[in-house]
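What follows is a set of notes on a single structure, which appears directly below.
Residue numbers count from 1 along this sequence.
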Amino acid sequence: MSTSDPDPTIPAVDPTAEGARARQQGRPRDGCPYPIDSEEREEWMEGYDGRSRDTPPDQPMKPT
């Protein structure tokens, strides 16, 4: 493998950026092209949702 060859262990595209672009284009969330339970799917969903999977969901507001 020469230094100009792409590293086969690194995806050619960034799934997070793909997910963000899909949302921006109005594509549905269930249109993720990656298999269920794959790391790429998790990253795609992070991009689509605009939040890290480690971020807890928003809590409901307390009544005042």
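No side-chain donor-acceptor contact under 3.5 Å links R27 to the backbone of A22.
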| field | Trace of the side chain to side chain contact (heavy atoms under 4.5 Å, CB included) decision for E42 with E46 | value | CA-CA 6 Å; E42 292 294 326; E46 283 181 343; 5.8 Å; no
| request: Start with the C-alpha distance between Y34 and E18, add both sets of side-chain angles, then the distance that settles side chain to side chain contact (heavy atoms under 4.5 Å, CB included), and finish with yes or no. | output: CA-CA 11 Å; Y34 297 104; E18 264 188 71; 2.6 Å; yes
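Residues that satisfy the side chain to side chain contact (heavy atoms under 4.5 Å, CB included) test with Q24, not counting sequence neighbours, are absent from this structure. R29 pairs by the side chain to side chain donor-acceptor pair (under 3.5 Å) definition with D49, not counting sequence neighbours.
Atom CE of M45 sits about 12.0 Å away from atom OG1 of T16, to the nearest 0.5 Å. In this structure, CG on D14 lies 13.0 Å from CH2 on W44, to the nearest 0.5 angstrom.
Taking every heavy atom of both residues into account, P15 and E40 meet most closely at CB-O, 3.5 Å.
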